[in-house]
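Note sheet for the following structure.
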Amino acid sequence: MEWYVVRKRSDDALAHRVAPSRSRLAVTLTVLFVVLACLALAGYAWAKKGVTLKCDGRTMPVTTFQFTVGGLLQAEQIRLGPKDLVVPGTETRLRDGMEIKVVRAVKVEVTADGKTHTSLTRARTVEEFLKEEKITLGKEDIVTPSLESLLSKENTVKVVRVTKKIEEKQVNIPYATDRKPTTALPKGQTKVSTAGKNGTQTERWEITYHDGKEKERRLMERKVVKQPVNRVVLVGITQTVSRGGEDLRYSRMIIMRATAYTYTGRNTASGIAPHYGVAAVDPGVIKFGTRLYVEGYGYALACDRGSSIKGDRIDLFYPSRGEAMAWGVRTTRVYILE
């Protein structure tokens, strides 16, 4: 009996010792779970980042658990070309609030110095691209499009080399031909009285070349060294008409309205006494002293005038009133004789 009692006490003691150990384990596990949960939450919060991604003309807010810029691009399926640039670099660790920008290189076909090639570039303007390609421009060179033009996806840039040269040369000044009428020759005949000679002048030209080919010439200065001598050609104006079995040489023929007059008691306007063969004319049409042949009348001398004789009119002298009345008023040919 006593042995039984002693054993029961030992079991109770053991139970008292085991119970506290299990309680401490449960608490420890609970604390550990809470700590792990907190750590997980903290890790999640730490790993989650909100960034701004700028690419291909778009601005996108992105939430990511990636650690680097390169990982973000891979996750977003953004591929970089040979000369594309990402800012900041792909190895940069991501931070919350960071801005990532992808700068795409564009294709440019450039023609310069007789050669054409295609390049990829991240230059913003044509000027930046040409500097990148180490293409030096001259002062007069022409660039299409202009240096300030922005580059887009597909571009064609052309550089035209412009050079200028001054050229001096002597050229002939062609002589002119002067034609002068003369009564010394029959009508239709000509005679050179002065031979023509070319003159000379010095000319200074500015020549513009585009890529070695002449584009424009501009006369800068012209200086006469020797004046030309004009060629003088005499042109015969004397004509011939046969009247009364006689060939008359004349320079001009006028159709005139002819009247007749007789003695007035005064001399003619030229001072000579009136006689058959005296004709009154308009000196503005026929000069005094001109020899005439009047059809129906014969030879006459222009040496008188009348108040009513104006223009293409002529008044012929007859010795008697009857002869003058017989002439009357008629239209006739008057030849200006040589």
Side-chain angles (χ1 to χ4, degrees), residues 32-164 208-213 215:
L32 181 59
F33 176 77
V34 171
V35 170
L36 290 175
C38 289
L39 288 174
L41 289 172
Y44 177 84
W46 175 79
K48 180 182 179 182
K49 308 170 192 69
V51 298
T52 301
L53 179 60
K54 293 184 176 181
C55 181
D56 300 327
R58 297 180 298 163
T59 300
M60 303 171 287
V62 177
T63 300
T64 182
F65 293 97
Q66 300 296 323
F67 292 102
T68 64
V69 172
L72 172 67
L73 297 181
Q74 187 175 5
E76 295 295 321
Q77 297 183 347
I78 296 175
R79 296 182 179 180
L80 297 178
K83 283 197 174 183
D84 291 348
L85 175 69
V86 59
V87 181
T90 55
E91 300 300 322
T92 305
R93 295 186 65 83
L94 290 174
R95 300 189 307 274
D96 190 52
M98 181 180 285
E99 180 180 280
I100 298 94
K101 184 177 181 181
V102 176
V103 181
R104 296 290 192 189
V106 296
K107 187 185 294 184
V108 180
E109 182 184 88
V110 58
T111 300
D113 302 317
K115 299 178 182 178
T116 299
H117 69 275
T118 301
S119 296
L120 285 173
T121 181
R122 295 192 304 273
R124 291 180 59 256
T125 65
V126 172
E127 184 175 18
E128 291 174 3
F129 169 70
L130 293 178
K131 287 180 180 178
E132 185 179 283
E133 292 291 305
K134 294 182 173 55
I135 296 176
T136 304
L137 298 177
K139 184 178 178 181
E140 302 286 342
D141 290 348
I142 300 171
V143 180
T144 307
S146 65
L147 294 175
E148 298 79 16
S149 298
L150 297 176
L151 296 175
S152 56
K153 290 184 179 179
E154 296 286 338
N155 303 270
T156 300
V157 175
K158 185 175 182 181
V159 177
V160 176
R161 299 299 189 184
V162 178
T163 54
K164 293 185 178 182
T208 302
Y209 297 89
H210 284 190
D211 287 334
K213 295 181 180 180
K215 180 68 176 179

Expected output: side-chain Lys215 to main-chain His210 donor-acceptor under 3.5 Å: no
Reported CZ-to-NZ distance for the pair Phe67 and Lys49, which is rounded to 0.5 angstrom: 5.5 Å
Exam field: side chain Asp211 to backbone Val160, donor-acceptor pair closer than 3.5 Å: no
Exam field: side chain Arg161 to backbone Gly212, donor-acceptor pair closer than 3.5 Å: no
Spacing of Glu133 atom CD and Thr121 atom OG1 [to the nearest 0.5 Å]: 7.0 Å
Flag if over 12 foreign heavy atoms under 6.0 Å of CD, Glu132: yes
Contact check, side chains of Val102 and Asp56, non-hydrogen atoms, under 4.5 Å: no
Check: His117 and Val110 side chains under 4.5 Å, non-hydrogen atoms: yes
Single hit among Thr111, Thr136, Leu130 for side-chain contact (heavy atoms from CB on, under 4.5 Å) with Val159: Leu130
Heavy-atom donor-acceptor pair, Lys48 side chain to Thr63 backbone, under 3.5 Å: no
Interatomic distance, Leu72 atom CG to Thr90 atom OG1 [nearest 0.5 angstrom]: 11.5 Å
Spatial distance of atom CD (Glu109) from atom OG (Ser119) [nearest 0.5 Å]: 10.5 Å
Approximate separation, where rounding is to 0.5 Å, of Met98 CE and Thr64 OG1: 11.5 Å
CG on Leu73 to CD on Gln66, rounded to 0.5 Å: 10.0 Å
Test item: Val86 and Ile100 side chains (from C-beta on) under 4.5 Å apart, heavy atoms: yes
